[in-house]
Amino acid sequence: TEEKLSARKGLPPLLVPIGSRRPEPLHYIGVSYGITAELYRFWKRAGFLCTYVRQVASDITGEHTAICLKPLDAVAGSNTDWLPKLHADFRRRFASLIGFSSLATLPPSLPL
C-alpha cells in the first residue's frame, strides 16, 4: 500500500510568546571562564564547584577554560546530590592529569 502524506491541522504552535508560559524550574546555574587563581577563588567563594578544566589552553587568551556549577534550591522531585559526586570525580581526574599534560602550567591547588 502507498502512504499518502498530508499536512495535519489543529497542532499547537512550536513557539509561543514567553509571557504566556510559566518559567521552567532551574536546578543549577553554571559559569565558564578562563581559569586564573583570582577567578577560581571568586567563584569558589560564591559556592560554585569546578567540574571541568580544558586540557589545552585557548589559542586566543592562553588560559584554560573552566566550567563551574552551583546547585540552586531543590525543586520538588529533583535530586542535587549528583553535583558533589561530579566535583569529586573531576578532582580525582584533575589530580591524575596535572603532571602529564599542559595542565602542568596551572598551580595544582587551583581546582582542588
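Because only heavy atoms are used, hydrogens play no part in the values below, and waters and symmetry mates are left out as well, while side chains stay in.
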task = Answer yes if Trp82 and Phe48 sit in the same cluster of Ile, Leu, Val, Met, Phe, Trp and Tyr residues linked by side chain heavy atoms under 4.5 Å apart, and no otherwise.
result = no
query = Do other residues, nucleotides or ligands put more than 12 heavy atoms under 6.0 Å from the CG atom of Leu11?
reply = yes
message = Whether Arg93 and Asp89 form a salt bridge (side-chain N of Lys/Arg under 4.0 Å from carboxylate O of Asp/Glu) is what I want to check.
response = yes
message = side-chain contact (heavy atoms from CB on, under 4.5 Å) for Cys68 and Tyr33? Distances and angles first, verdict last.
response = CA-CA 9 Å; Cys68 297; Tyr33 59 96; 3.5 Å; yes
ask   = Rounded to the nearest 0.5 Å, how far apart are CG of Leu83 and CG of Leu72?
value = 10.0 Å
ask   = Can you hop from Ile29 to Leu39 via hydrophobic side chains spaced under 4.5 Å?
value = yes
query = Can you tell which of Val53, Ile67, Leu49 makes a side chain to side chain contact (heavy atoms under 4.5 Å, CB included) with Phe90?
reply = Val53
request  = Kindly state each residue pair satisfying side chain to side chain donor-acceptor pair (under 3.5 Å) with at least one member in residues 6-16, sequence neighbours excluded.
outcome  = none
key: Atom pair OG1/CD of Thr65 and Gln55 - distance to nearest 0.5 Å   = 12.5 Å
inquiry  = Assigning hydrophobic clusters by single linkage (Ile, Leu, Val, Met, Phe, Trp, Tyr; side-chain heavy-atom cutoff under 4.5 Å), is Ile35 placed with Phe42?
reply    = yes
request  = Give a yes or no on whether Leu69 and Val31 share a hydrophobic cluster (residues Ile, Leu, Val, Met, Phe, Trp, Tyr; joining criterion: side-chain heavy atoms under 4.5 Å apart).
outcome  = no
